[in-house]
Amino acid sequence: MQTTDQRLLIIDDDEMFCHVLSRAFTRRGFEVMTAHDADQALAVATQFQPTMATLDLKLENSSGLKLLPDMLAAVPSCRIVVLTGYSSIATAVEAMKLGAVNYLCKPADADDIIASFEQQEGDPNIELADNPPSINRITWEHIQKVLQEHDGNISATARALGMHRRTLQRKLQKRPVRR
């Protein structure tokens, strides 16, 4: 990838992750800025005018999905890759609908991210899973879908799922179940 005049904005509430990723991209010739919350991200994006951005799906006090349209409104030509440790089919689909160019699960390194920015088309030869997802993974995916349908409202999601709000909160605090 040609890195001349490539400006990358890394949006993640994990400051250490931002630092490590920032160093990796700087070594590859990128001009890099970081932001740790939605307000800071929009302010930096407006001034910096990044050509690319990585956006954490789960920011401390907000959702990367809610920030995504605002980022594209502030910098329409910016190519955004959503990064997450909380991947689900529902959030991947929504991220793409909202304008992300790709969606990656953490951990992702600089090379993975660069490849995701370069990927222009889908890959029909991608490997299909040998085994169906576990019931725990299907449950996680369903919770994420219902949460997305209720705009992240925990109480409304708990009512829709027929579970206690605190039970849902405990489930959401756990890492997603692997396939």
Side-chain angles (χ1 to χ4, degrees), residues 1-129 141 144-145 147-148 151-152 175-176 178-179:
M1 175 177 232
Q2 174 64 297
T3 57
T4 308
D5 295 327
Q6 295 296 326
R7 293 178 310 282
L8 175 69
L9 174 58
I10 300 168
I11 306 163
D12 200 302
D13 54 3
D14 182 340
E15 292 185 31
M16 182 56 72
F17 178 76
C18 284
H19 176 73
V20 169
L21 204 55
S22 177
R23 284 184 45 205
F25 274 97
T26 300
R27 278 190 243 119
R28 287 168 174 80
F30 286 76
E31 185 178 348
V32 181
M33 296 286 289
T34 61
H36 306 296
D37 62 46
D39 293 336
Q40 184 183 28
L42 287 173
V44 171
T46 302
Q47 291 295 315
F48 184 55
Q49 292 292 300
T51 55
M52 292 173 269
T54 62
L55 174 59
D56 189 16
L57 180 67
K58 191 172 183 179
L59 297 170
E60 178 108 9
N61 296 316
S62 124
S63 162
L65 290 180
K66 290 184 179 182
L67 178 56
L68 185 54
D70 295 336
M71 284 290 299
L72 289 171
V75 189
S77 62
C78 185
R79 295 175 48 81
I80 299 174
V81 169
V82 173
L83 295 177
T84 185
Y86 298 89
S87 64
S88 74
I89 293 169
T91 56
V93 169
E94 290 305 313
M96 301 305 280
K97 284 181 182 177
L98 291 168
V101 297
N102 221 320
Y103 181 99
L104 293 177
C105 298
K106 289 180 180 176
D109 63 20
D111 293 330
D112 295 333
I113 296 167
I114 289 170
S116 72
F117 280 120
E118 290 177 341
Q119 185 178 355
Q120 299 291 319
E121 298 175 0
D123 181 3
N125 298 318
I126 193 162
E127 285 187 37
L128 300 176
E141 296 277 352
Q144 293 299 314
K145 177 181 176 282
L147 183 64
Q148 183 63 34
D151 297 321
R175 285 282 202 204
R178 293 282 174 215
R179 301 205 173 259

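The figures that follow rest on heavy atoms only: side chains count, while hydrogens, waters and symmetry mates do not.
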Between [atom1] on residue [X] and [atom2] on residue [Y], distance to nearest 0.5 Å:
{"X": "Ser77", "Y": "Gln49", "atom1": "OG", "atom2": "CD", "answer": "7.0 Å"}
{"X": "Ser116", "Y": "Met52", "atom1": "OG", "atom2": "CE", "answer": "10.0 Å"}
{"X": "Glu118", "Y": "Ile113", "atom1": "CD", "atom2": "CD1", "answer": "12.5 Å"}
{"X": "Arg27", "Y": "Ser22", "atom1": "CZ", "atom2": "OG", "answer": "9.5 Å"}
{"X": "Leu98", "Y": "Met96", "atom1": "CG", "atom2": "CE", "answer": "10.5 Å"}

Side-chain heavy-atom pair [X], [Y] within 4.5 angstrom cut-off:
{"X": "Leu57", "Y": "Leu83", "result": "no"}
{"X": "Asp56", "Y": "Phe17", "result": "no"}
{"X": "Arg7", "Y": "Phe30", "result": "no"}
{"X": "Phe117", "Y": "Asn102", "result": "no"}
{"X": "Asp13", "Y": "Asp37", "result": "no"}
{"X": "Glu31", "Y": "Gln6", "result": "no"}
{"X": "Ile10", "Y": "Val32", "result": "yes"}

Which pair of non-hydrogen atoms, one from [X] and one from [Y], has the smallest distance, and what is that distance?
{"X": "Ile80", "Y": "Leu72", "result": "CD1-CD2, 3.8 Å"}
{"X": "Val75", "Y": "Pro50", "result": "CG1-O, 3.4 Å"}
{"X": "Glu15", "Y": "His36", "result": "CG-CE1, 3.4 Å"}
{"X": "Leu9", "Y": "Ala45", "result": "CD2-CB, 3.9 Å"}
{"X": "Tyr103", "Y": "Thr84", "result": "OH-CG2, 3.4 Å"}
{"X": "Gly64", "Y": "Leu55", "result": "O-CD2, 3.2 Å"}

Open item on the list: Between Lys106 and Asp12, does any side-chain N to carboxylate O distance fall below 4.0 Å?
Closed with: yes
Open item on the list: Closer than 4.0 angstrom, basic N to acidic O: yes or no for Asp111 and Arg28?
Closed with: yes
- [ ] May I have the step-by-step check of side chain to side chain contact (heavy atoms under 4.5 Å, CB included) for Leu42 and Met71, ending in yes or no?
- [x] CA-CA 6 Å; Leu42 287 173; Met71 284 290 299; 4.0 Å; yes
Open item on the list: How about NZ on Lys145, more than 12 heavy atoms from neighbouring residues, nucleotides or ligands closer than 6.0 Å, or not?
Closed with: no
Open item on the list: Working note: Leu67 + Leu59, criterion side chain to side chain contact (heavy atoms under 4.5 Å, CB included); need CA distance, chi angles, decisive distance, verdict.
Closed with: CA-CA 10 Å; Leu67 178 56; Leu59 297 170; 4.0 Å; yes
- [ ] List for me each residue that meets side chain to side chain contact (heavy atoms under 4.5 Å, CB included) alongside Gln144, sequence neighbours excluded, and say none if there are none.
- [x] Ser88, Thr91, Trp140, Leu147, Leu172
